[in-house]
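To start, the structure under review is shown below, and the notes come after it.
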2 protein chains.
Amino acid sequence: MSKSTIAVIAAVSAGTGAAVTAAMYSLRSKPADRPTAVATATTTVPVPTISPTSTATVPASKVFSAPPPTPAPVPLRTQPSATVVGPVDPAGLYQYGFPGPVADVAHRSALVSAYDRRTRNPHWVAEHITPASLAMRGGDRGSSNFVEDTAVPELFRAKLKDYFRSGYDRGHQVPAADCKWSQDAMNETFFLTNMCPQVGEGFNRDYWAHFEDFCRRLTARYPSVRVVTGPLYLPKRDPVDNKWYVKYEMIGSPPAVAVPTHFYKVIYAETAPSTGSGPGGNPAAPVALGAFVLPNAPIPNDKPLTDFEVPLEAVERASGLEFASKLPVQRRRRLCAEASCSLVIKEYGDRQKAFAKSGKK
Amino acid sequence: MSKSTIAVIAAVSAGTGAAVTAAMYSLRSKPADRPTAVATATTTVPVPTISPTSTATVPASKVFSAPPPTPAPVPLRTQPSATVVGPVDPAGLYQYGFPGPVADVAHRSALVSAYDRRTRNPHWVAEHITPASLAMRGGDRGSSNFVEDTAVPELFRAKLKDYFRSGYDRGHQVPAADCKWSQDAMNETFFLTNMCPQVGEGFNRDYWAHFEDFCRRLTARYPSVRVVTGPLYLPKRDPVDNKWYVKYEMIGSPPAVAVPTHFYKVIYAETAPSTGSGPGGNPAAPVALGAFVLPNAPIPNDKPLTDFEVPLEAVERASGLEFASKLPVQRRRRLCAEASCSLVIKEYGDRQKAFAKSGKK
């Protein structure tokens, strides 16, 4: 048992055969990278920090690093807490750094994302599309390249080599096609913090692409559409022992990036530009909400999209996230009750004809 | 495919058969619970908030809710960001609430913990033990009861019923036996935010218990010992397809709480009371670090503890956490080079004799 444990740990570890001692003594000492805050007895006022978000392809000035919702402000403990009761001070741990988790929230012009350092996938990526933004043409997909996000510390960063020959696509969470309004915006969608391993044929290149197109088409009816996209790791019941298990592949060598079992999209179709969308917004305007969960697997094009509609709470329960905690019930509408939640496959017509000839429904 | 997807989602969801519409409209509107912050163009100064940490068994005054490292401060967006460039404002999503993740950091007198709302296990739980704290006798384990942690929102809370008849122990991360110094302190270790599902026989009640005893024994040599404990979900290589998979059970109905594949402890043996440990501390004193990863499975008592020693970085890489980012390399020592990393099984002598008689090594 412990042999295999150590093998796993070794694999999860540096993959370099570094000895315990070497790893213990030579690593992890970059206190200047850590956010600090001034602690008082009853309040915390963080010192503003600028996230390291500059990258090779996107100018730092284009990256929204303020205000940064994370990393969380951590009290700098140089004295025992004034509120210590009892003989010990467990929060004294912070003298060695706050363990995390840190979600590496990135504020970019095209998207906002939160990253999961354990699965090396995003927790969520949020975008905003409007009729005007989709009409603009400044970006060309052929000029963008997939890039590692150096805003994430190296130890936790998804790498290009993790995806290489994995059999999975580098699946955009915010689609490149939603950010044609500038080359910089399109480039921002190519950070690996906007990617998850996705099944290519039948999913990322097919049904999922049609689903992304569905989101864009909503701008024909709604003046402002927000979409939050991310991975899920859902359990399945084992028919033999009747228990529930989560099982997912890890790609990379050593294994580093989780292959999600499912993906969700939460869609906010704003019936009027909301106060968060620009001047002239209406803070009381109804919002049509749609939540969808699709398996990371081939899906036939004739499968109705409504088969994948779920209660918003199901996505929240499975992801550990909350998507509408500040949206009053009286402003909520159900997207698929207002709009037709069906895909349009026409841009793949030729492929469909070929499918039909080969007998595929 | 989608049928089983929907079945899974339904199970992950309320488990009540609630219709999409009902779930969509009746839930998720408690804006008063949300932390808010005032955003300016370039800095964020969060309004101090007090976490809801009161519980049935521990007086709220005993819970360290200030300073709270999380939830992360979230800008309240009532105007488009001053830094918006381009036609869209993806961070306008925050008008509906910050999605998270929120780690529900709890500051208690006996422990500090961070919670994972997706797996419904802690990310980590930190404790502090000293010769003096272990010598105190104010708490009696028989007077403590396992309790749900109402500081975690109901949707994400681990429940007593999730563990009921699961076949797993409610395994303390900070051991009750480390907090005998007061009944309140011991009670604090019984929150489910300090628990993970652990294999009982051969692990939680045996090898893991001896390992916890090892940590306490370190206070014979070190005046101050900190221990951070938590779950891991490690991949294993499938011998058939040669790929790496993470697989873990989920207990509860609907499935809610993940069963970790492994557990880690990071031990900080402080050679002098550190500045975080009280007056008279030495900020330059060496710290002996030990990192261990054990499988959530029976382990024979004669297995050397050093078999489970790993580089600290291996725990960090697998957990997505950082444990010593502020501890300079020159202050670090390797625990198992300084101290004997071996278990003492004597308090289980009778059981050992029985084992010997039955032929077990």
Side-chain angles (χ1 to χ4, degrees), chain A residues 2 5 8-9 12-13 20 23-24 29 31 39 42-44 48 66-67 69-70 72 74-75 77 80 85-88 90-93 95-97 99-100 109 111-112 117-118 124 126 128 133 234-235 244 247 250 255 276-278 295 307 310-311 313-314 318 320-321 324-327 329, chain B residues 2 5 8-9 12-13 20 23 28-29 31 39 42-44 48 66-67 69-70 72 74-75 77 80 85-88 90-93 95-97 99-100 109 111-112 117-118 124 126 128 133 234-235 244 247 250 255 276 278 295 307 310-311 313-314 318 320-321 324-327 329 334:
Chain A
S2 69
T5 302
V8 166
I9 287 291
V12 170
S13 180
V20 168
M24 188 81 79
S29 181
T42 56
T43 67
T44 302
T70 58
V74 177
R77 301 294 295 260
V85 292
V88 297
L93 171 74
Q95 70 189 293
Y96 304 126
S109 57
L111 58 85
V112 177
R117 292 181 172 190
R118 184 161 70 76
W124 53 264
H128 180 210
S133 78
L234 295 184
W244 292 86
K247 183 179 182 185
M250 296 275 283
S277 304
D307 280 11
V310 299
E313 196 193 53
L321 305 172
S325 56
K326 287 184 178 174
L327 183 62
V329 170
Chain B
S2 71
T5 301
V8 166
I9 287 289
V12 171
S13 179
V20 168
R28 324 240 48 71
S29 182
T42 57
T43 67
T44 301
T70 58
V74 176
R77 302 296 294 264
V85 291
V88 297
L93 172 73
Q95 69 188 295
Y96 305 126
S109 56
L111 59 85
V112 178
R117 293 182 172 190
R118 184 161 70 77
W124 54 266
H128 181 211
S133 77
L234 296 184
W244 292 87
K247 183 180 181 185
M250 296 274 283
D307 280 10
V310 299
E313 196 192 54
L321 305 172
S325 55
K326 287 184 178 173
L327 183 62
V329 170
R334 183 181 152 215

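Predicted model only: the values in this text are computed from it and were never measured. Labels below follow one simple rule: chain letters A, B, ... track the order of the sequence lines, proteins then strands, and each chain is numbered from 1.
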Practice task
List the atom of A:Pro255, the atom of B:Pro235, and the distance in Å for their closest heavy-atom pair.
Solution key: CG-CG, 4.0 Å
Fill in the blank from the handout: Among B:Pro99, B:Ala126, B:Ser133, the residue with the most heavy-atom pairs under 4.5 Å to chain A is B:Pro99
Exercise for the section: Under 4.5 Å, counting heavy-atom pairs only, tell me which of B:Leu321, B:Val112, B:Leu111 racks up the most with chain A. Expected result: B:Leu321
Handout entry: Heavy-atom pair of closest approach, residues A:Lys326 and B:Gln95
Key = CB-O, 3.5 Å
